[in-house]
J.: 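Right, I'll just put the structure down here and ask away after.
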2 protein chains.
Amino acid sequence: MEKAIEIFVEDLLRRRKAHRDDGIPSLFDGLSEPNLQTLLFSSHVVEIEAGKEIIAQGDDVAYVFHILGGSVKTQRFSSDGKESTIRMLGAGETFMEDSVFFGYKSPVHAIAVKSGRMLIIPAETVQRRALTDPQFACNLLKILSRHYKNAIHQIDSIVAKSPVERLGYYFLKLHMEQGSDSMEIALPFQKSTIANHLGITPETFSRALAQIKKMGIDVEQDKLSLRDAYALCHFCDLDIGQSCPHFNTERCHLCADEKGRYRQA
Amino acid sequence: MEKAIEIFVEDLLRRRKAHRDDGIPSLFDGLSEPNLQTLLFSSHVVEIEAGKEIIAQGDDVAYVFHILGGSVKTQRFSSDGKESTIRMLGAGETFMEDSVFFGYKSPVHAIAVKSGRMLIIPAETVQRRALTDPQFACNLLKILSRHYKNAIHQIDSIVAKSPVERLGYYFLKLHMEQGSDSMEIALPFQKSTIANHLGITPETFSRALAQIKKMGIDVEQDKLSLRDAYALCHFCDLDIGQSCPHFNTERCHLCADEKGRYRQA
DNA sequence: CGGTTCCTTGACGCATATCAATCTGTGTGG
DNA sequence: CCACACAGATTGATATGCGTCAAGGAACCG
C-alpha cells in the first residue's frame with residue numbers, strides 16, 4: 001500500500017476516534033479497520049491540477065474518486081457549447097460512484113477547480129467490496145441518495161424558482177453547511193461557476209446579487225455577510241427546515257407567518 | 001404472507017425463468033428465493049386510485065413502493081403554487097428507496113396518475129435486508145444510480161436545451177425504451193404532465209409539437225409516429241448513443257456528420 | 001505598469017410564460 | 001341518439017424576464 005494511503009487511513013481512524021462528523025455521509029463511515037485496509041489496498045493518491053479535466057463525458061469509469069483536498073465540478077456540455085454544472089464538490093466528497101453501478105460510462109465531465117489531491121479507488125474494487133461489505137454498500141447508498149436528493153432540489157430550483165430565489169436557496173444551504181451561527185459565509189466557488197450551477201448566466205447572477213442585497217444579504221468579493229440571523233429564512237423550505245433548530249417553533253418567521261402553507265390539500 | 005404477495009412472487013420467479021429482462025434494474029433481480037421471501041414477508045399489496053396522493057412532501061417514509069400496475073408521478077410544489085415533476089413511473093419501477101437511506105423524509109409528493117396496484121415494503125425491512133443481502137444492496141445501488149443519472153439528464157435538458165430539443169430527447173428516450181424497431185410510440189402520460197417534467201408550460205409543449213412535426217415526428221392524440229427510423233437521431237447524445245446499435249458506425253447520421261464534435265477539448 | 005481574468009452594468013431583442021379564446025374528444029344524462 | 005358539460009389540448013395576442021452583446025471596472029499577477 002502506498003505511503004500516502006497509509007497516512008490517509010491513520011488520519012481517518014484518528015478522526016473517527018475524535019467523533020468528528022460533519023453530517024455528510026462518507027464512503028468510509030463505520031468500516032472495520034481490516035475492511036478499510038482491503039478497500040484501500042489497491043487505491044492510489046493522485047494530484048489534481050486546477051483546470052484539468054479528470055474524466056470526460058462518455059469515458060469508461062475506471063475509478064471512484066474521493067477528494068482529499070481542492071475542489072472539483074462535474075458538468076455536461078451540449079453540442080452547441082452550452083454547459084450545465086451538475087455538482088460542485090469539495091474535500092471529503094466522492095464522485096463517479098454512481099457510474100460504477102449503472103452504465104459504466106461517465107454521464108459528465110469532471111474538472112478540477114482548485115488544485116489538491118484525490119484518492120482513486122478502482123471501480124472493480126468498489127463493486128467487489130459492495131458485494132462483500134454490507135456497511136460499505138450502505139455508505140454508497142447514503143451517498144447516492146444524497147446526490148439524488150440534491151439533484152431533485154436543483155431541478156426544482158431551476159423549474160420553479162426565480163434567479164433571486166435560487167440564489168437565496170443556495171446561500172441558505174451554504175449557511176446550514178458552514179454552521180448556522182456565523183454571519184459570514186465564504187463562497188466556495190467562483191461566481192460564474194455557481195451561476196451556471198443555478199442555471200443562470202453570470203450577468204443574471206450579478207443582478208440577482210444586487211437584488212438580494214436589499215434583503216440584507218451582502219456579497220463582497222467572495223464573502224457573504226448577513227444582516228441578521230433570519231435574513232435567509234425567506235428562502236427556507238420544508239427540506240431545509242427539517243435541519244433548522246427553529247423550524248416549527250414560534251421563533252421561525254416562516255412557520256409563524258405562513259403556517260401550513262405547504263400542507264394545503 | 002398475503003395471498004397477493006404469493007402470487008407476485010410466483011409471477012416473478014416464472015418471469016425470471018423465462019429470462020425476461022427489460023433492462024431496467026429491479027429490486028428483485030438475482031435474489032435467492034429464500035431472500036426474496038424474507039424481503040416480502042412483511043410487505044403488502046395496496047390499490048392506488050388515480051389522482052390520489054400516496055405520500056406528501058416532508059412525510060416520514062415508512063415504505064418503499066414498487067409499482068405493480070398503473071402509474072405514479074413524483075413532484076415538488078413551491079410555496080407560490082408552481083410544481084416541478086421529478087419523475088414519472090410505470091409498472092416495475094420503484095420510489096422512495098432513496099429516502100430510506102438519507103433523510104427519512106420524502107423530498108417529493110407522490111401522486112397516482114393511473115389507478116393500479118403497488119407493493120409496499122416497510123422501510124425498516126429494506127434497511128435490514130440491505131445490510132444482510134449484498135445482492136439486494138447492489139440492486140438498490142443500481143436503481144438509485146439510474147435515478148440519479150436520469151436526474152442529471154433532466155437538469156442538463158432544462159438548462160441547456162430548447163423546448164423542441166427537450167421534447168425530441170424525451171421522445172428518443174421513449175423510443176429506445178419501447179423497442180427501437182417500432183415507428184409508433186405511445187405517450188405514457190398526459191401531455192401537460194410531460195410538459196411539466198420537461199420544465200415547460202403545456203402551451204409551449206403544444207407549440208413544440210407543431211415544430212417537431214416538421215421534422216417527421218407526428219403526434220396524434222397520445223400516439224407518436226415517426227416518418228423514418230432516423231427521425232429522432234437529431235436529438236441523440238453520447239449517453240443515449242451508447243445503447244444505440246448504429247452508434248459510431250457509418251449508419252449513424254450523427255456520427256457520420258459530426259464525428260468528434262463532443263470531443264473537442 | 002500592462003495584461004489577463006472575472007465581475008458588473010447597461011441597452012436590446014427574443015423566447016417563453018401568461019392570459020384568453022377556441023377546439024377536440026370523452027363521458028353523462030335525458 | 002343527441003345535447004351538454006368538462007377536461008385537456010391547441011392557437012393567438014401580449015408581456016416580460018432572462019439571455020445576449022458590448023463596454024467598463026476591479027482585482028490579481030507577472
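These figures come from a predicted structure and were not determined experimentally. To find a chain, count down the sequence lines: A is the first, B the second, and so on, and within it residues start at 1.
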J.: According to a strict under-4.0 Å criterion, is B/Lys191 in side-chain N/O contact with OP1 or OP2 of D/dT10?
T.: yes
J.: What is the distance, rounded to the nearest whole Å, between atom CD1 of B/Ile200 and atom P of D/dC18?
T.: 18 Å
J.: B/Phe235: which residues meet the ring-ring contact (aromatic ring centres under 6.0 Å, His included) condition with it, sequence neighbours left out?
T.: none
J.: Distance only, no hydrogens: is a donor on one side chain within 3.5 Å (strictly under) of an acceptor on the other, for B/His147 and B/Glu97?
T.: yes
J.: If you count the non-hydrogen atoms of other residues, nucleotides and ligands that lie under 6.0 Å from OH in B/Tyr63, is the total more than 12?
T.: no
J.: Grab the CD-P distance between B/Glu165 and C/dA15 for me, whole Å please.
T.: 13 Å
J.: Considering just the side-chain nitrogens and oxygens of B/Thr204, establish if one lies under 4.0 Å of OP1 or OP2 belonging to C/dA15.
T.: no
J.: B/Lys161 has an atom NZ; how far is it from atom C1' of D/dG19, in whole Å?
T.: 19 Å
J.: Look at the side-chain N and O atoms of B/Thr201 and state whether any lies under 4.0 Å from the OP1 or OP2 oxygen of C/dA17.
T.: yes
J.: Give me the atom names and distance for the closest heavy-atom approach of B/Leu226 to B/Ala231.
T.: CB-CB, 4.4 Å
J.: Between the base of C/dT16 and the side chain of B/Arg166, is there any donor-acceptor pair under 3.5 Å?
T.: no
J.: Mind calculating the distance between NZ (A/Lys223) and P (D/dA27) to the nearest angstrom?
T.: 14 Å
J.: I want to verify a distance call: between C/dT16, C/dT18, D/dC18, whose nearest atom is closest to the B/Arg207 side chain?
T.: C/dT18
J.: Taking the side chain of B/Glu203 as heavy atoms from C-beta outward, which of C/dA17, C/dC19, C/dG10 is closest to it?
T.: C/dC19
J.: Can you figure out which of D/dT20, D/dT10, C/dG25 approaches the side chain of B/Gln221 most closely?
T.: C/dG25
J.: Rounding to an integer number of Å, can you tell me how far B/Gln190 CD sits from D/dT10 P?
T.: 11 Å
